[in-house]
Amino acid sequence: MLLRHREDMKTYLMENMRGGQGTVEVVHLLNPEEMLGKGRLFAENIVPPGASIGLHPHSGDIEAYYFLEGSGMYQNNEEFYPVKAGDLTVVDDQNQHGITNTGDIPLRFIALILYTGEGK
């Protein structure tokens, strides 16, 4: 059984995350060792209005974003898609993605990175 209170979760402020703009807050919900070798990230990301996470590749893993609040423009390779609360995106292995908050409130989403093979 695991119970972790918000104040006990590791929180990082990431400037220009993955080459993006502004400062993104990343709250780690599970540590990589708690993911049993199946993934490396389970976190809440909070992107302020006008900020972004830059386009970045995935190799050996996939990443899902589940949007909780706000709106933005999601980039998958060369394609762009508007997203809002309740939407889900998944970038496949050997592809790249990024996100920009195009709204006027913080864009909040859960990010989950899972390995595509036997784990790392």
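No hydrogens, no waters, no symmetry mates; every other heavy atom, side chains included, goes into these values.
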- Task: Please step through side-chain contact (heavy atoms from CB on, under 4.5 Å) for the pair Glu44 and Arg108, ending with a clear verdict.
- Result: CA-CA 7 Å; Glu44 178 183 6; Arg108 294 179 47 243; 2.7 Å; yes
Do you reckon [X] sits in the same ILVMFWY cluster as [Y], going by side-chain contacts under 4.5 Å, direct or chained?
X     : Y      : answer
Tyr12 : Phe42  : no
Leu41 : Ile46  : no
Leu3  : Met9   : no
Leu68 : Ile105 : no
Val47 : Tyr66  : no

Counting neighbours of [atom1] on [X] that are heavy atoms of other residues, nucleotides or ligands and sit closer than 6.0 Å, is the number greater than 12?
X      : atom1 : result
Gln21  : CD    : no
Glu33  : CD    : yes
Asp104 : CG    : no

Closest heavy-atom pair and its distance - [X], [Y]:
X     : Y     : answer
Met73 : Pro82 : SD-N, 3.6 Å
Ala64 : Val90 : CB-CG2, 3.9 Å
Gly60 : Gln94 : N-NE2, 3.9 Å
Ala51 : Gly22 : CB-CA, 4.2 Å

For [Y], does its backbone N or O pair with a side-chain atom of [X] as donor and acceptor, under 3.5 Å?
X      : Y      : value
Glu79  : Asn76  : no
Arg40  : Ile113 : no
Asn101 : Gly103 : yes
Asn95  : Asp93  : yes

- Message: In the structure I gave you, are the side-chain heavy atoms of Ile99 and Asn45 within less than 4.5 Å of one another anywhere?
- Response: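 Answer no - side chains too far apart.
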- Item | Nearest-0.5 Å distance, CD1 of residue Ile53 to CE of residue Met14 |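 Ile53 CD1 to Met14 CE: 9.0 Å, rounded to 0.5 Å.
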- Using the test ring pair (Phe, Tyr, Trp, His ring centres under 6.0 Å), find all partners of His56 that sit at least two apart in sequence or belong to another chain.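 His56 satisfies ring pair (Phe, Tyr, Trp, His ring centres under 6.0 Å) with His58, His97 only.
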- side-chain contact (heavy atoms from CB on, under 4.5 Å) evaluation trace for Thr89 with Val83: CA-CA 9 Å; Thr89 63; Val83 293; 4.0 Å; yes
- Using side chain to side chain contact (heavy atoms under 4.5 Å, CB included) as the criterion, list what pairs up with Thr100, not counting sequence neighbours.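 Thr100: side chain to side chain contact (heavy atoms under 4.5 Å, CB included) contacts with Ser52, Thr102.
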- Apply side-chain contact (heavy atoms from CB on, under 4.5 Å) to the pair Arg6 and Val27, showing each step before the final yes or no. CA-CA 9 Å; Arg6 179 69 176 230; Val27 181; 3.4 Å; yes
- Where does the angle between the aromatic ring planes of Phe109 and Phe67 fall among parallel (under 30°), tilted (30 to 60°) and perpendicular (over 60°)?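 Because their plane-to-plane angle lies in the 30° to 60° range, the rings of Phe109 and Phe67 count as tilted.
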- Task: Check step by step if side-chain contact (heavy atoms from CB on, under 4.5 Å) holds for Leu112 and Met35.
- Result: CA-CA 10 Å; Leu112 175 64; Met35 297 184 72; 3.6 Å; yes
